2 protein chains.
Amino acid sequence: MKISIIKIGGNVIDFPEKLDEFLTLFAKFPGHKILVHGGGVMASRFGESMGVMPEMVDGRRITDKDTLDIVTMVYAGLINKNIVAKLQALKVNAIGMTGADGNLIRSIKRPVKGIDYGFVGDIQEINVSLIDTLLSTGLQPVVNAITHDKKGQLLNTNADSIASALATSLAVSHQVNLYFCFNKSGVLVDEKNENSIIPLINEDIYAELRKENVIHSGMIPKLDNAFEALKKGVNNVWIGKAENLLLAAKGKLSGTTIERNRYDLY
Amino acid sequence: MKISIIKIGGNVIDFPEKLDEFLTLFAKFPGHKILVHGGGVMASRFGESMGVMPEMVDGRRITDKDTLDIVTMVYAGLINKNIVAKLQALKVNAIGMTGADGNLIRSIKRPVKGIDYGFVGDIQEINVSLIDTLLSTGLQPVVNAITHDKKGQLLNTNADSIASALATSLAVSHQVNLYFCFNKSGVLVDEKNENSIIPLINEDIYAELRKENVIHSGMIPKLDNAFEALKKGVNNVWIGKAENLLLAAKGKLSGTTIERNRYDLY
């Protein structure tokens, strides 16, 4: 079957109006779909109100026991269940899940190499047959950034990594498109100009753009991940703003589509 | 199929060692099973640490917006996902759910009649076919006390009521046994003597025990609910301590079993 995996970040989740607007679009998004979310800013805010301050190293949260409890409450409880309830109202038969539910995503606690990230999970295995069952029953999974090690321990896991792992695992038996919603309109030629979107990037274009330093810093790991997903069989990867998701689904120009080289076109 | 619905309360959930011990028993519990939990004390504690004080009227929590957020985080996030992860480690393919997930339980916000309970849900409908699908896929639902109104609103719902509603809805097409774990060994002749358990109560025995004032106060609504469930087709209802659950499953004396009159026995 054809499956779309859509990842949203804090710039959608943290603003109730933007989230509602996005969920209305998501409800209209055609076909089987899986929503993936984290919710970092909200977790930090709740943590602070309980006296647990966020500790970040290189943009990654250090997850001690108290922080794990907070992200579990905020991601798997507050954010996930409100999204599910709102989607149900929009007639999407959403089912909220952590990686522990039905053993959807098994991770291992990240080994300590210099930095101890605490209860952070690196993904090991996706339960594809569970997703097949849910999707063919008409359920649309809403997956949050909590996974488990199958030994009783919950683990905080990067939501981008979850979206990529779901996409590559499902790509073995399905046609999968992966959508990353973020705070820019796509990959931009000029970071300050939201109209300077590069509509299509393939390996050749990517090599050129890196050589010319048009693509640099934070965009490199995003695109490396995208090409990694494509190499593992994902059909295409899209990066853009949540509000342009439906245009993307209709194949209209909006955001950046990342594809493998298609020499047959030349 | 044969389905057991097991409800645990704060006296299990609030003590990590007791919870672990219970989950080990639950894992050994034979056949299809659904675990139902709330988690009131833990929610109150987290609320207090965030400056939200619990407000109770007649033993029922008043659920304002902040309290709803807290119970959603604690029930659906912290407690539910830790239970699921621990059951997965015990080789139970648990899946944690609120009533919003897959539209499992639709409620309506309780109408204001004197007391405004806030975001509290009275159960309207159980999605039996979803449970059938999950159970026949080998998944064991772990259901917490959050439901929804199918209009986008989460609602705080009594966990005993959820267990009863699941039992009676499933009893239409399945053989259902309902187990309530609480802080006593069963219905006692002498409240202060845990050995004075009444092993079996039917309608005739219940009438006698009420007349003699052996059963009074808080036990009356529990037993009324039990008989209501039996009238709606539930096979039997058991009340006792969590640690005696396996004995109960094996039909051994432990706790109180509530059954309809069986005149064919006489």
Side-chain angles (χ1 to χ4, degrees), chain A residues 20 23 46 48-52 68-104 106 127 129-130 132-134 136-142 144 146-155, chain B residues 20 23 46 48-52 68-104 106 127 129-130 132-134 136-142 144 146-155:
Chain A
D20 285 352
L23 294 175
F46 269 98
E48 282 165 31
S49 79
M50 295 171 62
V52 180
L68 179 67
D69 283 355
I70 288 163
V71 294
T72 302
M73 290 196 286
V74 174
Y75 299 171
L78 191 63
I79 296 175
N80 190 266
K81 298 315 168 193
N82 274 295
I83 287 176
V84 168
K86 285 175 175 186
L87 286 175
Q88 286 286 343
L90 293 164
K91 298 189 168 55
V92 175
N93 199 2
I95 183 166
M97 304 185 82
T98 64
D101 297 298
N103 190 28
L104 179 66
R106 184 174 63 77
N127 187 345
S129 76
L130 175 61
D132 286 349
T133 303
L134 298 176
S136 42
T137 312
L139 292 160
Q140 315 288 348
V142 178
N144 62 73
I146 305 295
T147 63
H148 77 143
D149 66 358
K150 196 85 169 69
K151 293 172 185 165
Q153 181 63 56
L154 295 170
L155 293 165
Chain B
D20 286 351
L23 294 175
F46 268 99
E48 282 164 30
S49 79
M50 294 172 61
V52 181
L68 179 66
D69 284 354
I70 288 162
V71 294
T72 302
M73 290 195 286
V74 174
Y75 299 171
L78 191 64
I79 296 175
N80 191 266
K81 298 316 168 193
N82 274 293
I83 288 176
V84 168
K86 285 174 175 187
L87 286 175
Q88 285 286 344
L90 293 163
K91 297 189 169 55
V92 175
N93 199 3
I95 183 166
M97 304 184 81
T98 64
D101 297 297
N103 189 28
L104 179 65
R106 185 174 64 75
N127 187 344
S129 76
L130 174 61
D132 286 348
T133 303
L134 297 176
S136 42
T137 312
L139 292 160
Q140 315 289 348
V142 177
N144 62 73
I146 306 295
T147 64
H148 77 144
D149 66 358
K150 196 85 169 71
K151 293 171 186 166
Q153 181 63 55
L154 295 171
L155 293 165

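Values below: every heavy atom of this structure, side chains too, minus hydrogens, waters and symmetry copies. Note on naming: letters A, B, ... go to the chains in the order of the sequence lines (proteins, then strands), and numbering restarts at 1 for each one. Being a predicted model, the structure only gives us computed values, none of them experimental.
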Which atoms of [X] come close to chain A, meaning under 4.5 Å heavy atom to heavy atom: side chain ones, backbone ones, both, or neither?
X	answer
B:S49	both
B:L104	neither
B:N82	both
B:L78	both

Please examine the side chains of [Y] and [X], heavy atoms only from C-beta on, and report whether any two atoms are closer than 4.5 Å.
X	Y	result
B:Q88	A:D101	no
B:L154	A:V84	no
A:T72	B:M73	no

Point to revise | Euclidean distance, B:K91 NZ relative to A:K150 NZ, rounded to 0.5 Å | key: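 Answer rounded to 0.5 Å: 6.5 Å.
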
Counting heavy-atom pairs under 4.5 Å with chain A, which one of [options] comes out on top?
options	value
B:G51, B:G96, B:G138	B:G96
B:N93, B:L134, B:T147	B:N93
B:T137, B:T98, B:N103	B:N103

Point to revise | Choice from A:K86, A:K151, A:H148, A:K81 maximising heavy atom contacts with chain B below 4.5 Å | key: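 Highest number of pairs under 4.5 Å: A:K81.
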
Study note, to complete from the structure: Nearest heavy-atom approach of A:A89 to B:G152 is CB-N, 3.4 Å

Practice item. Could you give me the CA-CA distance, side-chain angles and deciding distance for B:I95 and A:I95, then say whether side-chain contact (heavy atoms from CB on, under 4.5 Å) is met? Key: CA-CA 10 Å; B:I95 183 166; A:I95 183 166; 4.2 Å; yes

Review point. Given that the side chain runs from C-beta out, which part of A:L130 has a heavy atom under 4.5 Å from chain B: side chain, backbone, both or neither?
Key: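 Side chain of A:L130 only, per the 4.5 Å heavy-atom cut-off to chain B.
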
